[in-house]
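Here is the structure we will look at, set down as structure tokens.
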2 protein chains.
Amino acid sequence: MIVEPSTEQIIKEAAKKIFVRKGFAGARMQEIAEEAGINKALLHYYYRSKEKLFEGIFSEIFDHMIGQLKQSVTTDKPLIQKIEDFVDRYISTIEQNPYIPLFIVNEIAQNPDRFVEKIKSKQVFPELAGFFQQMLGEMERGNIREIPPLHLFLNILGLCAFPFIAKPMVKAVSGMDEDTWEMLMKDRKKEVKTFIRRALMA
Amino acid sequence: MIVEPSTEQIIKEAAKKIFVRKGFAGARMQEIAEEAGINKALLHYYYRSKEKLFEGIFSEIFDHMIGQLKQSVTTDKPLIQKIEDFVDRYISTIEQNPYIPLFIVNEIAQNPDRFVEKIKSKQVFPELAGFFQQMLGEMERGNIREIPPLHLFLNILGLCAFPFIAKPMVKAVSGMDEDTWEMLMKDRKKEVKTFIRRALMA
DNA sequence: CTTTGCATTAACCATTTGGTTAAACCGTAT
DNA sequence: ATACGGTTTAACCAAATGGTTAATGCAAAG
């Protein structure tokens, strides 16, 4: 059975679309209302202000992203396996929402204070600490090469996320068309995993 | 001898600062005027509109970035050397303007059409083509491992730029302070070069 | 000294924008 | 049928914003 989505849900979807595309500063309440097919006043009826609406949307998106990341890190598989799972899952998630990484990074950069508290409460760090411990363990045992865990983690994140963050620039600079880009990204998971594996193999 | 900068130059600097910090949509002409210590009308006297002002600023920044990149790629050193030069130079450039990469990537994403023509005329591609040829050569000779040049290039860019793009997020999530971050980045060049070298070593 | 022409400003304008209000709508319980 | 409750809208408002204009400042040329 099909339940038609509630007005609140419709608004959320519309706002997500507009905010992600244009950022907080660039988004217009009017445009969100139009996208949702409702009156502008109704936005303020459900979410009292642009700020509130944005925070709701952002939290949801951010939580979803963090949730995805946690999953691959929390299993008790061997490190290399865990990293490759992470790459697979992270790139898959991004592929389904290609504009999200740039959106997140950009909005936090634009207004860090707004997020610091909210983000701290999400507690990503405990899980990461375990991940980092595992890295250090494998290094001690000589199974992978020496590299500070945080650098390795930044490397993994960057290799996964950067192409999507930079996609519009890459396409503009190279004149590449969408099809070519998609073919490139089709191989991305494999290439990233191979690259990391090679860099870590002792 | 000290020449006091021209009003035009003062405006440029002020606009650069504000635009880079807040993006096109978030920047206010009034704020730029205040930053430059002048009247708002004077902005329009020198640059007719916000759009024009922005385009001037963006072009300058973008050209400078591209120029830096070209230099390391255009020499006739061996590939690994060239890559390491590239990493050194690129990270140095970013360190001096940490907000630039996110700014560029974001503004292009926000309004790709505005840049496509202008960027095409910069012709980054010829230089890159040579770089890519060299990669393929080294692979054929078995000196480095197989990897599609464009993926390798994305990897290099991502490893260099991503940490700076994601810095505000990383700091917000981890609660890391500025000093710790700087210590982390102090090692970044070395870590990136090592990581790439290991990944490429046959 | 006065004139000329660029540089600079205060005041102003039209539009956009986030937000409010009072009325209309509509399903449900009385 | 009608009164009630949440929902939705048209109309409106004040502030902000990009941009303009007409007047003033001011140094160099005459």
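Just so we're on the same page: letters track the sequence lines, and every chain starts at 1.
One interatomic measurement links the two molecules: CZ of B/Phe24 to P of D/dT17, which rounds to 13 Å at whole-angstrom precision. Rounded to whole Å, the distance from OH on A/Tyr46 to C1' on D/dT9 is 13 Å. Per the geometry, CD belonging to A/Glu34 stands 11 Å off P belonging to C/dT17, to the nearest Å. One can place CG of A/Leu43 at 12 Å from C1' of D/dT8, the figure rounded to the nearest angstrom. Rounded to whole Å, atom P of D/dG19 lies 14 Å from atom CG of B/Asn39. Put simply, CG on A/Leu42 is 14 Å from C1' on C/dG19, counting in whole angstrom units. Straight-line distance from the NZ atom of A/Lys50 to the P atom of C/dG18: 5 Å, rounded to whole Å. We find that CD of A/Gln30 is positioned 11 Å from P of D/dA10, with the value rounded to whole Å.
Across C/dT8, C/dT9, D/dG18, the shortest atom-to-atom separation from the side chain of B/His44 is found for D/dG18. Closest to the side chain of A/Ile38, from the set C/dG18, D/dT9, C/dA10, is D/dT9.
Between A/Phe131 and A/Phe153, the ring planes lie perpendicular to each other; the angle is over 60°, past the 30° to 60° tilted range.
Across all strands, B/Ala25 comes closer than 4.0 Å to no nucleic acid atom at all (heavy-atom distances). Using a 4.0 Å heavy-atom distance criterion, B/Ala27 is classed as a sugar-phosphate-only contact.
For the pair A/Glu60 and A/Lys12, the salt-bridge criterion is met [side-chain N within less than 4.0 Å of a carboxylate O]. A salt bridge links B/Glu178 and B/Lys167; the closest N-O separation between the charged side-chain nitrogens and carboxylate oxygens is under 4.0 Å.
Along DNA chain D, the nucleotide nearest A/Tyr45 and the nucleotide nearest A/Ala41 are compared for position; the residue whose nucleotide lies closer to the 5' end is A/Tyr45.
The phosphate of D/dT8 (OP1 or OP2) has a side-chain N or O of A/Thr7 nearer than 4.0 angstrom. Residue A/Arg28 places no side-chain N or O under 4.0 Å from the OP1 or OP2 atom of C/dT16.
With no hydrogens or angles considered, no side-chain donor-acceptor pair links B/Gln134 and B/Glu138 at under 3.5 Å.
Counting non-hydrogen atoms of neighbouring residues, nucleotides and ligands closer than 6.0 angstrom, the NZ atom of B/Lys82 exceeds 12 such neighbours.
Side-chain to base pairing of B/Lys40 with D/dG18: one donor and one acceptor N or O lie within less than 3.5 Å of each other.
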